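Only one structure is covered here, and it is reproduced in the block below.
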Amino acid sequence: MRLQNKEVLLAWPLALHVLTAGYYYSDGSLHRAIDLRTNQNGNTEKPVYAAEGGTVDQIQSWDGRTTTGMQSYGNMIRLCHADYRDKPLQTRYAHLSRICVQQGQQVREGDLIGYTGATGNVSGAHLHFEVIWDGSRRNPLVWLDDDFTTADGGVYTYGAGEGPVPRENAASALQTLCIGPASAGDVARLQALAAELSLPCEVCG
Ligand SMILES: [Zn+2]
């Protein structure tokens, strides 16, 4: 969406916001995208939502074997949004299992456009998400809010001078839950869920 100050705030393309790789990989090499976790309880096909309204300007179907060049994206969708500062703004969603839109289709922010998967050049299922402004792949986190966690401390987030899009509503999106009293068995299950979501979890009392 466009904020009142004309800045862009993109919507997260998945319901789960756990980064497994940032704009740089943990070895320092350039990724120019973020990777988002999709695997929960072995289910890796998660709905993918349009990060902003726009038009489907590129669709690619994976050939089922090639993992180089454009085919490395696997099944892929690119959306073209309204210009930002008079330059084109696009978002790309890769390694999908299914595509639910057609070339030229108009979408609204939050519309279902496909499902995550493991097509193209992947070692496991995840969503590869790019933000392309003025023809160059930018750090997607600079176009999103701060409502995310990282899979581990080695995941790159922001460079010097970079940060999330400031919220118009200043309240933090990060929240803390307090649950209980709970049985020892339920505590173990909640701890396992927290570990799966990469959330810090502390048992007290
Ligand atoms: Zn990626």
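Here, residue 1 is the first one in the sequence, and each next residue gets the next number. Keep in mind it's a predicted model, so treat the numbers as computed, not measured. Every number for a ligand or one of its atoms is a count from 1 in the order of the listing.
- Tyr73 is not connected to Ile34 by any chain of hydrophobic side-chain contacts under 4.5 Å among Ile, Leu, Val, Met, Phe, Trp and Tyr, and they are in different clusters.
- Residue contact annotation: His128 places an N/O/S atom under 2.8 Å from the Zn ion (ligand 1).
- Under a 3.5 Å cut-off, the side chain of Ser136 and the backbone N or O of Trp133 do not form any donor-acceptor pair.
- Side chain to side chain, Thr116 and His95 fail the donor-acceptor criterion of an N or O pair below 3.5 Å.
- At least one N, O or S atom of His31 sits under 2.8 Å from the Zn ion (ligand 1).
- Within Asp35, the N/O/S atom positioned nearest the Zn ion (ligand 1) carries the name OD1.
- Ring-centre distance between His31 and Tyr24: not below the 6.0 Å cut-off.
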